[in-house]
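In what follows, a single structure is set out as structure tokens and then discussed.
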Amino acid sequence: MSNILVTGGAGYIGSHTVHQLTQRGHQVTVLDDLSTGFRDAVPEPQLHICSLFDTEQVTHLLQRLQIDAVVHFAAFIAVGESTQEPERYFTNNVAGSLSLFSAMAAAGVKKLVFSSTAAVYGNPLSTPIPETAPIAPVNPYGETKATVERTLEWLDRCRGLRSVRLRYFNACGANEAAGLSERHVPETHLIPLLMKAVVTGQPVTIFGTDYPTPDGTCIRDYIHVDDLAKAHIAAIDHLLSGGPSEVFNVGTGRGFSVREVLAAVEQVTGRPVPHVFGPRRDGDPAELVADSSKLRARLGWNPDHSTLHQIVASAWPSQQRRWA
Ligand code: UDP
């Protein structure tokens, strides 16, 4: 078993991954500045509150704990906000990552799993999207992730830093038994907002009904956060056993429309979802579905929590409490 440092481990996907890594017997330490993460999402002894920008302190931590590999989640993630404050996004996501990579170089840590995103593809030419599709982000958030991905390619060549870059599709669901859930502030994601509408009676707005899809609403590839976490476990195993740098999409390969997700929420909750129809949201492509065959073939990964019913049912208890 290995010593793993998880940056941003107090966040949504990070905390679910920390839970699985710990269950696998790894010695896991979380580095988080709690700017968006939650203290109670991580067992107290595992949490180190520290900024990624403190290169010296991060270097000392990596050395003192004899870290074998890093899983790097810490980043700002709101697409809309990134168009309002691009400088802040580039500083935090790109410069923050560079500070971490400098610390890793100083401490001699040469294995990294990086949180990337389907947003690096921008408006894809076709779906399902393979990893070989053009990198063409359409917002600053996606550009920050693409920039870090390219930096990692150079660090592989120049420094021998082996990395696995995971391009997430739509993360959702929760691990109720582990006491973990989704709670972004402000909340912008579809499933929590549909459930908020159920609980509060305030209608959710469906963004656009005139997309070139069968029912006119956007199609996305929804992947349960525990299946995403499992992809990180597989990536860590790959690196620890000496595997080379890789890039993988993480999605189910199956898409659902906004109307289909709404129907699933009504079915699971047994209540109507109050909703209104509004205009399209800026920057939303009609359809984003992963070709995840590479991850399945190379790392033997398979989603087993990601039927739409499983996703919605796992999210409901925590979202019901959250919005009550
Ligand atoms: N969406 C919506 N109403 C909302 C939030 C989201 O209709 O209040 C739609 C959005 O346009 C997209 C899908 O739900 O087609 C998923 O959006 P989300 O923000 O959850 O994830 P994204 O695809 O932007 O990563």
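In listed order, ligands and their atoms are each counted from 1.
Asp215 is linked by a salt bridge (Lys or Arg N to Asp or Glu O under 4.0 Å) to nothing, counting only residues two or more places apart in sequence or in another chain. For Asp227, the side chain to side chain contact (heavy atoms under 4.5 Å, CB included) partners at least two apart in sequence or on another chain are Ile223, His224, Lys230, Trp301, Pro303, Asp304, His305, Ser306.
Every pair passing salt bridge (Lys or Arg N to Asp or Glu O under 4.0 Å) that includes a residue from residues 137-151 is listed here, sequence neighbours excluded: Glu143-Arg150, Glu149-Arg165, Glu149-Arg167.
Between Tyr222 and His189, a ring centre-to-centre spacing not shorter than 6.0 Å is recorded.
Between Arg322 and Glu182 there is no salt bridge, since no side-chain nitrogen of the basic residue lies less than 4.0 Å from a carboxylate oxygen of the acidic one.
Within the 3.5 Å criterion, the main-chain N or O of Phe169 finds no donor-acceptor partner in the side chain of Asp221.
Protein residues lining ligand 1, listed by chain and number: Asn170, Thr188, His189, Leu190, Leu193, Val204, Thr205, Ile206, Phe207, Cys218, Arg220, Tyr222, Val258, Arg281, Asp284 [non-hydrogen atoms, distance under 4.0 Å].
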